[in-house]
Amino acid sequence: MNEFVERDVRLRWYAPRRSYDVVIVGGGGHGLATAYYLATRHGLTNVAVIERKYIGAGNSGRNTTVIRANYGIPEAIRFYQRSLDLYARLEAETGRDIMHRQKGLLWLAHSEAGMRAERARAEVNTAFGAQTVYVGPEEIKRICPQLDLMGGGIWPILGASYHPEGATARHDRVVWAYAEGAMRRGVRIHHRMVVKGLIMEGDRVTGVETDAGSISAGVVVSAVGGHVTGLASMAGLRLPIRTHPLQAFVTNRYAPGFEPIVASSSLLFYVSQTAKGEMLLGAEIDRQPSYSYSSGHHFLQSCAHRAVTLLPFLRDLRVLRQWTGVCDMSPDYSPIIGKTDVEGFYLTTGWGTWGFKAIPAGGEQMAELIATGNTPEMIAPFSLNRFAKDRTLADRGSSGTH
Ligand SMILES: Cc1cc2nc3c(=O)[nH]c(=O)nc-3n(C[C@H](O)[C@H](O)[C@H](O)COP(=O)(O)OP(=O)(O)OC[C@H]3O[C@@H](n4cnc5c(N)ncnc54)[C@H](O)[C@@H]3O)c2cc1C
């Protein structure tokens, strides 16, 4: 059972300095990866990450760990493919076992319209650098023998897109690997410290007010997940973000083993198997915007009902645990990453229900922006001002789940 015990991570905690070149608010994957790449790629180490709870306490420690690049628009495919490639090398780079497993992802179609959508996904993915092919029922059954191709007589499986590079990685190990790598190079991470306000000089952000005093900063980065609206408003920014809860659950162990990740756009659920053998299920966001972390029976009932329709073996398993995160949903299902009109204040948000896979590329690109002052070409389309310029990036391949 050693595989599930992490004994080696070396996290070093120091007292805060009064001033840093860069202060990152939020010790989730995006904040920590930004710090890691600032240190490793650009030699910037006078950097602090401030986390109000423990690192990974937010969505980065609550997600269903799906990594994929089979998005619906060129800008997203390029970005997520970069992230997928960085993930594949992360164990070698950090020397830490993040339990990265390539599993392949099936995205099922249950209607003519669904088949067209999955064919289109395969075409656009291939054109812009992600590996996705369209497969018929016979191949689907070979990849995932547990699927009932009749869909319980209600949702027949007519075809699917198959993304062989779809993968999972253990979420808290990703967080720890980035934290350790950043700390080893001199970045300071301050946990159990809350940012309560931003220090402004005129129109510029020059630091943060915390419950342990004020800290000045050349640049402040907001990486606070579903809590971004409150932090951005301290800088006078109103964002096109709504925070919605997202729930997930795991069952007890399914001994025969379940290889791929399976998703259905029509039934709006997805499923994979954890390394312990639990079946891990997620679905769409709660419709009502809220900051609530409570989990409900309604979600369990509705998600389980849909999943059992396609995977009848699930009805013999028991629900072990259920949990919730609060997601920073953008209106076009694309991230918002980059500078803002407030000098010294940068944002990485709009990661909604899909930002775990984005952690390596999001951190890498944000670090380059901070270090060089220039917005990298890869994230330029994802700037905040796209909404004012009518250049939104509606992405059906993101569409609100995993
Ligand atoms: C149930 C669920 C399933 C998901 N499944 C997937 C999936 O399969 N694949 C995928 O790609 N994505 C998935 N996601 C989305 C993904 O988890 C997130 O998009 C991603 O983790 C966001 O990372 P982050 O670093 O931006 O935010 P977070 O990980 O939420 O980190 C933000 C941190 O900021 C801290 N913070 C907030 N306010 C303050 C403050 N004032 N001062 C100091 N610290 C503060 C919080 O405590 C938190 O730790 C899922 C999310 C959920 C909830």
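Read the numbers this way: they start at 1 and go in the same order the structure lists the ligands and their atoms.
Electrostatic pairing of Asp97 and Arg170 does not count as a salt bridge here, judged by no charged N lying under 4.0 Å from a carboxylate O. Between Glu51 and Arg192 there is no salt bridge, since no side-chain nitrogen of the basic residue lies less than 4.0 Å from a carboxylate oxygen of the acidic one.
Judged as a side chain to side chain contact (heavy atoms under 4.5 Å, CB included), and not counting sequence neighbours, the contacts of Gln322 are Gln247, Phe249, Ser295, Phe299, Leu300. Shown here are the side chain to side chain contact (heavy atoms under 4.5 Å, CB included) partners of Asn46, two or more places apart in sequence or in another chain: Arg17, Tyr20, Asp21.
Put simply, the residue from Ser266, Ser265, Ser264 that forms a side-chain hydrogen bond (donor to acceptor under 3.5 Å, both in side chains) with His110 is Ser264.
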Short N or O contacts of ligand 1 with protein, under 3.5 Å, listed by atom name?
{"residue": "ligand 1", "atom": "5 (N)", "partner": "Thr64", "partner atom": "N", "Å": "3.1"}
{"residue": "ligand 1", "atom": "5 (N)", "partner": "Thr64", "partner atom": "OG1", "Å": "2.8"}
{"residue": "ligand 1", "atom": "8 (O)", "partner": "Thr64", "partner atom": "OG1", "Å": "2.7"}
{"residue": "ligand 1", "atom": "8 (O)", "partner": "Thr65", "partner atom": "N", "Å": "3.4"}
{"residue": "ligand 1", "atom": "8 (O)", "partner": "Val66", "partner atom": "N", "Å": "3.0"}
{"residue": "ligand 1", "atom": "9 (N)", "partner": "Val66", "partner atom": "O", "Å": "3.0"}
{"residue": "ligand 1", "atom": "11 (O)", "partner": "Val66", "partner atom": "O", "Å": "3.4"}
{"residue": "ligand 1", "atom": "11 (O)", "partner": "Trp354", "partner atom": "O", "Å": "3.0"}
{"residue": "ligand 1", "atom": "11 (O)", "partner": "Phe356", "partner atom": "N", "Å": "3.0"}
{"residue": "ligand 1", "atom": "11 (O)", "partner": "Lys357", "partner atom": "N", "Å": "2.8"}
{"residue": "ligand 1", "atom": "11 (O)", "partner": "Lys357", "partner atom": "NZ", "Å": "2.7"}
{"residue": "ligand 1", "atom": "12 (N)", "partner": "Thr353", "partner atom": "O", "Å": "3.3"}
{"residue": "ligand 1", "atom": "12 (N)", "partner": "Gly355", "partner atom": "N", "Å": "3.3"}
{"residue": "ligand 1", "atom": "12 (N)", "partner": "Phe356", "partner atom": "N", "Å": "3.1"}
{"residue": "ligand 1", "atom": "14 (N)", "partner": "Thr353", "partner atom": "O", "Å": "3.2"}
{"residue": "ligand 1", "atom": "17 (O)", "partner": "Asn59", "partner atom": "O", "Å": "3.1"}
{"residue": "ligand 1", "atom": "17 (O)", "partner": "Asn63", "partner atom": "ND2", "Å": "3.3"}
{"residue": "ligand 1", "atom": "19 (O)", "partner": "Trp351", "partner atom": "O", "Å": "3.2"}
{"residue": "ligand 1", "atom": "19 (O)", "partner": "Gly352", "partner atom": "O", "Å": "3.3"}
{"residue": "ligand 1", "atom": "19 (O)", "partner": "Gly355", "partner atom": "N", "Å": "3.0"}
{"residue": "ligand 1", "atom": "21 (O)", "partner": "Ser60", "partner atom": "N", "Å": "3.2"}
{"residue": "ligand 1", "atom": "21 (O)", "partner": "Ser60", "partner atom": "OG", "Å": "3.0"}
{"residue": "ligand 1", "atom": "23 (O)", "partner": "Ser60", "partner atom": "OG", "Å": "3.2"}
{"residue": "ligand 1", "atom": "25 (O)", "partner": "Gly29", "partner atom": "N", "Å": "3.2"}
{"residue": "ligand 1", "atom": "25 (O)", "partner": "His30", "partner atom": "N", "Å": "3.0"}
{"residue": "ligand 1", "atom": "29 (O)", "partner": "Asn59", "partner atom": "N", "Å": "3.3"}
{"residue": "ligand 1", "atom": "29 (O)", "partner": "Ser60", "partner atom": "N", "Å": "2.8"}
{"residue": "ligand 1", "atom": "29 (O)", "partner": "Ser60", "partner atom": "OG", "Å": "2.6"}
{"residue": "ligand 1", "atom": "30 (O)", "partner": "Asn59", "partner atom": "N", "Å": "2.9"}
{"residue": "ligand 1", "atom": "41 (N)", "partner": "Val195", "partner atom": "O", "Å": "3.0"}
{"residue": "ligand 1", "atom": "42 (N)", "partner": "Val195", "partner atom": "N", "Å": "3.0"}
{"residue": "ligand 1", "atom": "44 (N)", "partner": "Arg52", "partner atom": "N", "Å": "3.1"}
{"residue": "ligand 1", "atom": "47 (O)", "partner": "Glu51", "partner atom": "OE2", "Å": "2.7"}
{"residue": "ligand 1", "atom": "47 (O)", "partner": "Arg52", "partner atom": "NE", "Å": "3.3"}
{"residue": "ligand 1", "atom": "49 (O)", "partner": "Glu51", "partner atom": "OE1", "Å": "2.6"}
{"residue": "ligand 1", "atom": "49 (O)", "partner": "Glu51", "partner atom": "OE2", "Å": "3.2"}
{"residue": "ligand 1", "atom": "49 (O)", "partner": "Gly58", "partner atom": "N", "Å": "3.3"}

Validation: residues 367-379 side-chain donor-acceptor distances under 3.5 Å, sequence neighbours left out:
{"residue": "Thr372", "atom": "OG1", "partner": "Glu368", "partner atom": "O", "Å": "2.7"}
{"residue": "Thr372", "atom": "OG1", "partner": "Asn374", "partner atom": "N", "Å": "3.1"}
{"residue": "Thr372", "atom": "OG1", "partner": "Asn374", "partner atom": "O", "Å": "3.3"}

